[in-house]
A.B. asks: 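Here it is, the structure in full.
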Amino acid sequence: MTKTKDNKPNDEVIMCTDETGMQLYLSEKAANRLSWILTGICVVLSLPVIILAFMCI
């Protein structure tokens, strides 16, 4: 994040594009939050598999 002369933060923008031309613009802070949310969802979805693996031992 860079600051301008007015001491206002200027967020850097992350742009994601796919082959169909859809574009998603996220600030660095929003992209970081989204990555943590998606990581949490993956952990919650894989948790039953891990529990079953330990129950079978």
A.B. asks: Quick one: side chain to side chain donor-acceptor pair (under 3.5 Å) partners of T17, sequence neighbours excluded?
C.D. replies: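 Scan of T17 (side chain to side chain donor-acceptor pair (under 3.5 Å), adjacent residues dropped) gives none.
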
A.B. asks: Checking C16 now: which residues fulfil side chain to side chain contact (heavy atoms under 4.5 Å, CB included) with it, not counting sequence neighbours?
C.D. replies: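 Scan of C16 (side chain to side chain contact (heavy atoms under 4.5 Å, CB included), adjacent residues dropped) gives I14, L24.
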
A.B. asks: Cut-off 3.5 Å, no hydrogens considered: what does the side-chain donor-acceptor table look like for residues 45-56, sequence neighbours left out?
C.D. replies:
from, atom 1, to, atom 2, distance (Å)
S46, OG, C42, O, 3.0
S46, OG, V43, O, 3.2

A.B. asks: Less than 3.5 Å apart, which donor and acceptor atoms pair up between the side chains of residues 30-38 and the rest of the protein, not counting sequence neighbours?
C.D. replies:
from, atom 1, to, atom 2, distance (Å)
N32, OD1, W36, NE1, 3.4
S35, OG, N32, O, 2.7

A.B. asks: If the condition is side chain to side chain contact (heavy atoms under 4.5 Å, CB included), which residues does E19 pass it with, not counting sequence neighbours?
C.D. replies: none

